[in-house]
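Working notes, beginning with the structure itself.
Note that the structure is a prediction, hence the values are computed from the model and not measured.
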Amino acid sequence: MKRNWSEQELSQYWTLSSSEQVLLDNKTDEVCLKLALFLKFFQIEARFPTHRNEIPTISLDHIKEQLDISTESTIQVDWNSRTSQRIKQQIRQHTGFRYHTQEDKDNFVLWLKTDILFKDHEFKYLEDVASSWFKERNIEIPGLSRLNRLIQSAVQNYETSFFNKITHSLSEKTKKALSELLTENNPDSKPGFNRLKSDPGRISLDSVLTEIEKLRCIKMLDLPNNTFKNIPSKIIKKYKIRVTAESSWDVSRHQEPVRYALLSMFCHQRTHEITDGLIDLLIQITHRISVRAEKKVVKELLQDLRKVNSKTTLLFKLAEAAIEQPEGIIKEVLYPVIGEQTLTDLVKEYKSTGPAYQKQIHTIIRASYSHHYRRMLPKILDELEFHSNNSIHQPVITAIDLLKNNRDNKQRYFAIDAEIPIDGVVKKKWKEIILEKDKKGDERINRINYEISVLQILREKLRCKEIWVTGADRYRDPDDDLPRDFDEKRESYYQDLGQTTNVEQFISELQKSMHQALRQLNKNMPQNSKVKILERGKKSICLTPLDAQPEATNIARLKGDILGRWPTTSLLDVLKEADLRIGFTDLFQNLTTREVLSREVIQKRLLLCLFGMGTNTGLKRISLSRHGISYKELLHIRKRYIHKSTVRDAIAQVVNAIFKIRRPDIWGEGTTACASDSKKFGSWDQNLMTEWHIRYGGRGVMIYWHVEKKSTCIYSQLKRCSSSEVASMIEGVLKHCTDMTIERQYVDSHGQSEVAFAFSHLLGFNLLPRLKAIATQKLYRPGSSFAEDYPNLEPALTRSINWEPIRQQYDEMIKYTTALKQGTAEPEAILRRFTRNNVQHPTYKALAELGKVIKTIFLCNYLDSEPLRREIHEGLNVVENWNSANSFIFYGKGGEVATNRLEDQELSVLCLHLLQISMVYVNTLMIQQILSEPRWDSLMTIEDYRALSPLIYSHINPYGEFELDMHQRLTL
């Protein structure tokens with residue numbers, strides 16, 4: 001049972017009704033208290049408490065207040081006495097429940113095995129469905145320990161049959177190959193188990209060849225695909241994580257059915273991951289070849305380039321001099337007019353921007369590809385199977401098949417015929433380079449140049465998923481990203497999104513909202529002293545910065561009181577206190593079914609592991625402390641207990657606890673607004689996640705935070721520097737898994753786009769960006785049905801909205817939005833289809849038009865309302881403040897993510913998040929304790945409450961204790 005209850009919840013769940021108070025008549029205080037506690041506890045949990053600690057203190061006090069009982073001795077009672085048993089029976093009769101029987105338990109276990117366990121094995125989920133099963137049948141739920149044993153028994157029985165079923169589907173050849181994976185010296189030097197677990201290395205040809213080798217090794221196992229077809233990916237990923245945490249020796253110790261089933265699921269999942277990694281390498285290497293070639297050419301040109309201005313004037317002077325002396329010598333007639341150096345600079349400038357420049361770049365690309373990277377092409381074509389659902393892109397598939405069929409052909413040229421596609425494969429600017437003429441003057445295709453062109457167009461189409469790959473996950477068939485039952489459940493999906501099924505009604509409401517927003521802004525513009533719309537070219541909107549708000553005067557005094565009362569509080573103690581109050585370490589369960597350590601030992605080691613990973617100091621340095629726990633013991637906990645999904649659940653539990661303990665008189669009522677932004681962290685670069693950041697410089701990764709207005713971060717993500725912030729923003733809104741409902745989302749310029757505005761509207765939240773280029777923004781007109789002019793907005797107005805794409809693609813937009821909300825695919829995988837590389841996609845055109853509508857409405861409100869602009873600015877300042885605290889906590893190894901393993905990188909970020917949110921939780925309690933003192937009632941002002949934040953750390957010691965013993969010497 002949760003420990004924190006609001007006043008409203010206490011009144012709803014822990015207040016005795018008049019009929020319930022009748023049960024307490026003619027009973028002693030001790031019996032009344034026990035009966036009332038048992039009754040209300042049973043109504044919530046459908047079971048009875050087994051010890052005093054299960055009753056929240058705040059609930060106990062609430063019951064005692066109703067019964068007017070104040071003695072402490074009545075709390076210490078025997079919870080299993082005969083009196084207690086009579087009370088329990090009385091409550092069962094009152095509520096209509098009965099005690100569970102052995103038959104009930106057997107039926108429950110059977111139901112779990114047949115109806116539930118094939119979908120999910122998560123223990124918390126199983127506890128929830130177990131509670132629902134017993135409650136629906138008016139059966140008292142067994143005690144927690146007994147219920148846990150029932151669930152574990154069901155899971156073990158299910159796993160036994162599940163593993164046996166998978167093992168029986170494997171051939172003897174496959175079993176033998178799986179066993180060879182676990183031997184260190186396997187035949188033919190095939191990649192072993194440990195190599196298959198490794199992530200791709202840095203972007204290089206060697207990494208491509210290594211991943212191809214691993215993919216071939218798994219394909220040679222000849223795993224039966226039909227065996228895993230109906231198994232949810234969540235189940236397979238769970239067992240894959242379990243196998244990854246074990247060494248080859250640990251896996252080999254399992255019984256054969258368990259060993260073969262685990263290894264086959266591991267290899268099946270790794271097939272998808274390796275395929276995705278191989279495609280990522282192909283995309284990034286193709287990009288790198290072009291970028292490096294362009295940089296080299298630019299560098300050479302810049303050393304010998306000077307831009308020539310006023311070219312029209314120079315041309316006039318040249319023409320005038322040539323007409324006056326048409327028979328003259330160039331050196332005598334033209335050089336005196338312009339100068340030889342100027343003409344030389346003109347020639348160089350043309351070569352640096354015209355076709356000659358492109359030919360220079362292509363020459364370097366060709367040299368790099370033909371001498372080094374060309375070796376990867378035939379191997380990639382052998383291992384990856386490319387497809388497209390769009391006939392427009394079939395020429396690319398045909399070109400890939402052509403290269404695949406001619407990989408053993410050494411000819412340097414292809415003859416031009418109908419079987420070799422040019423249009424749709426070769427860009428116009430490259431045609432002159434690819435199409436050459438032989439000695440007879442006949443055109444032919446330069447093979448290497450054609451291969452380069454195929455790789456470049458393949459990269460573009462893979463990125464927008466117009467071309468997909470068999471066996472991939474992120475680059476799979478885009479139709480698999482969409483809900484397959486959309487046609488059958490169309491109305492329910494529309495209802496879930498809160499959208500009408502009538503497209504004309506949808507468009508009509510948008511037109512009215514758009515017209516009202518434009519008319520309101522046009523009406524208020526003459527009185528708006530902060531915003532001006534002027535006739536001055538593209539930058540027509542002039543926005544005055546916000547005025548500074550009054551300074552908070554008592555926040556420094558409050559921080560001083562906290563520092564005086566809790567000086568140099570250890571960050572590890574903060575994490576421990578949060579866990580003792582919330583119990584988030586209970587969420588960390590062993591992936592295996594057997595555990596010999598006590599829960600107290602596991603809890604302590606978990607906290608040390610989370611602290612070591614969250615501060616980036618590492619487990620080895622944590623193990624050197626005086627707590628008597630070795631590095632190997634911490635590593636065991638890290639591998640078996642700490643995983644991404646569990647840490648996310650722990651974060652959500654702490655966040656919800658913060659929302660529960662907040663006092664509305666201090667922090668205000670619950671908010672539905674959230675701000676999001678990213679921060680760059682340095683990281684090791686021998687992996688596919690680390691990239692060079694084009695704005696901040698340096699190699700690293702991005703952490704994208706979602707922080708609500710009172711400094712509580714509800715979601716975090718590890719992203720590439722080049723990844724879409726729009727996708728990250730949408731993912732955080734949909735997947736934060738806390739009690740917060742996001743209705744208003746603040747972002748900066750990089751977190752918004754027209755597609756983002758469209759999806760935010762369809763998903764039911766307001767996207768509120770702070771636009772850097774506000775001066776160049778344009779307002780769209782609602783269309784001919786609204787003939788009203790907006791004279792005060794004319795310089796910023798542009799064309800009317802084209803409503804036809806929205807009308808035609810309405811169903812498709814809802815389908816993609818449903819996919820986002822239902823989680824059938826990652827937001828980044830879905831949004832990848834709607835980029836500038838795919839502007840001809842009809843759904844993209846519709847989303848772009850819808851985004852223009854919503855963005856115009858937002859801009860009108862933004863320009864018309866100074867409070868809205870200030871609200872957005874304050875929200876984004878909160879997330880900037882959160883970013884500033886990251887380096888205080890994540891101080892180890894210079895604040896650099898010091899690992900190349902993707903899972904370890906993500907866990908470092910999540911543990912940092914957990915540490916920082918635990919600090920916010922404890923700080924909230926400290927602030928509320930101080931502000932509850934009467935002397936602060938007259939001190940705190942409106943400005944103080946506005947500036948109050950629990951994200952403070954002047955009283956926190958993140959490093960530990962330092963001892964100096966002058967009597968102890970080093971043994972030198």
Are any non-hydrogen side-chain atoms of L915 and M919 less than 4.5 angstrom apart? no
Within this structure, what is the CE-CD1 distance for the pair M926 and I952, rounded to the nearest 0.5 Å? 8.5 Å
Should the ring pair Y862 and F858 be called parallel, tilted or perpendicular, given that the plane angle runs from 0 to 90° and is split at 30 and 60? tilted
May I ask you to check whether Q745 and N766 show a side-chain donor-acceptor distance below 3.5 Å? no
Does the side chain of Y945 come within less than 4.5 Å of I942's, by heavy atoms? no
Donor-acceptor pair, side chain of E708 and main chain of K710, under 3.5 angstrom: yes
Side-chain contact, heavy-atom cut-off 4.5 Å: L558 with L939? no
Could you grab the distance from atom CD1 of I58 to atom CG of L10, nearest 0.5 Å is fine? 5.0 Å
List the atom of L619, the atom of C609, and the distance in Å for their closest heavy-atom pair. CD2-CA, 3.8 Å
Spell out, as yes or no, whether a donor-acceptor pair under 3.5 Å connects the side chain of N957 to the backbone of S570. no
Test log, rule side chain to side chain contact (heavy atoms under 4.5 Å, CB included), inputs F765 and R744: CA-CA 6 Å; F765 68 91; R744 302 166 74 80; over 6 Å; no
Using only atom types and a distance under 3.5 Å, with no angle test, would you say the side chain of Q916 pairs donor to acceptor with the backbone of I889? no
If I take atom CE from residue M729 and atom NE2 from residue H750, how far apart are they, to the nearest 0.5 angstrom? 14.0 Å
Would you kindly say whether W705 and N883 are connected by a side-chain donor-acceptor distance under 3.5 Å? yes
Note, D561 side chain near W936 side chain (heavy atom, < 4.5 Å): yes
Any chance you could measure S938, atom OG, to N554, atom CG, to the nearest 0.5 Å? 9.0 Å
Got V531 and T544 here, is their nearest side-chain heavy-atom distance under 4.5 Å? no
Sort out for me which residue in R869, K530, R870 forms a salt bridge (charged side-chain N to carboxylate O under 4.0 Å, His left out) with D547. K530
Can you check whether F41 reaches R47 side chain to side chain, under 4.5 Å on heavy atoms? yes
Check: T924 side chain, V920 main-chain N or O, donor-acceptor pair, under 3.5 Å: yes
What I'd like to find out is whether the side chain of V31 reaches to under 4.5 Å of the side chain of I87, using heavy atoms alone. yes
Kindly indicate, with the supporting measurements, whether the criterion side chain to side chain contact (heavy atoms under 4.5 Å, CB included) is fulfilled by Q752 and L768. CA-CA 9 Å; Q752 60 84 36; L768 305 174; over 6 Å; no
Could you walk me through whether I622 and M613 pass the side chain to side chain contact (heavy atoms under 4.5 Å, CB included) check? CA-CA 9 Å; I622 293 297; M613 297 165 69; over 6 Å; no
Side-chain donor-acceptor pair under 3.5 Å between D649 and T646, yes or no? no
Other residues, nucleotides, ligands: >12 heavy atoms within 6.0 Å of L624 CG: yes
Determine, using ring centers only, whether F42 and F38 are less than 6.0 Å apart. no
Distance-only, no hydrogens or angles: does the K40 side chain make a donor-acceptor pair with backbone N or O of T15 under 3.5 Å? yes
Distance, nearest 0.5 Å, that separates OG of S598 from NZ of K604: 11.0 Å
Got a salt bridge between K679 and E725, using NZ or NE/NH1/NH2 to carboxylate O under 4.0 Å? no
Electrostatic pair D573-K576, nearest N-O below 4.0 angstrom: yes
Exam field: side chain N616 to backbone G612, donor-acceptor pair closer than 3.5 Å: no
Cut-off 3.5 Å, side chains only: do H955 and N923 have a donor facing an acceptor? yes
Closest non-hydrogen atoms of L907 and I642, given as atom of the first, atom of the second and distance, are CD1-O, 3.8 Å
Return yes if a side-chain donor-acceptor contact under 3.5 Å exists between D579 and T585, otherwise no. yes
For Y704 together with Y715, are the ring centres under 6.0 Å from each other? no
With side-chain hydrogen bond (donor to acceptor under 3.5 Å, both in side chains) as the criterion, how do D944 and T941 come out once you've worked through the C-alpha distance, each side chain's angles and the decisive distance to 0.1 Å? CA-CA 5 Å; D944 293 328; T941 63; 3.0 Å; yes
Could you tell me whether R565 and E933 have a side-chain N and a carboxylate O separated by less than 4.0 Å? yes
Is K735 atom NZ crowded by more than 12 heavy atoms from other residues, nucleotides or ligands, each under 6.0 Å away? yes
Heavy-atom closest contact (W882 atom, L951 atom, distance): CA-CD2, 3.4 Å
Taking E896 for its side chain and G682 for its backbone only, find out whether a donor-acceptor pair lies under 3.5 Å. no
Considering residues, nucleotides and ligands other than R770, do more than 12 of their heavy atoms fall under 6.0 Å from its CZ? yes
Pair H913, S716: side-chain N/O donor-acceptor within cut-off below 3.5 Å: yes
Could you verify whether a donor N or O on one side chain and an acceptor N or O on the other, from S711 and S949, lie under 3.5 Å apart? yes
Between Q928 and W667, does any side-chain donor sit less than 3.5 Å from a side-chain acceptor? yes
Run the salt-bridge test on E731 and K719 with the 4.0 Å N-O cut-off and return the result as yes or no. yes
Just checking Y13: does its OH atom have more than 12 heavy atoms from other residues, nucleotides or ligands closer to it than 6.0 angstrom? no
Minimum heavy-atom separation for V733 to H706, with atom names? N-CE1, 3.9 Å
What pair of heavy atoms forms the shortest contact from I582 to A657, and how long is it? CD1-CB, 3.7 Å
Can you confirm whether H627 is buried at NE2, in the sense that more than 12 heavy atoms of other residues, nucleotides or ligands lie under 6.0 Å from that atom? yes
F890 vs I703, test: side chain to side chain contact (heavy atoms under 4.5 Å, CB included). Steps then yes/no. CA-CA 13 Å; F890 202 72; I703 304 180; over 6 Å; no
Check this for me, if you would: do R946 and E874 make a salt bridge, where the nitrogen-to-carboxylate-oxygen distance has to be below 4.0 angstrom? no
Can you give me the closest heavy-atom contact between V747 and S676, atom names plus distance? CG1-OG, 3.3 Å
Using distance alone, with no hydrogens and no angle criterion, decide if S918 and R581 have a side-chain donor and acceptor under 3.5 Å apart. no
How long is the straight-line distance from NE2 of H62 back to CG of L67, given to the nearest 0.5 Å? 10.0 Å
Can you find a pair of side-chain heavy atoms, one from L37 and one from L33, that are under 4.5 Å apart? yes
Heavy-atom count check: over 12 atoms from other residues, nucleotides or ligands less than 6.0 Å from E65 CD? no
Residues S645 and H643: side-chain donor-acceptor under 3.5 angstrom: no
For a side-chain contact (heavy atoms from CB on, under 4.5 Å) with D739, tell me which candidate from V655, N656, I714, I658 qualifies. N656
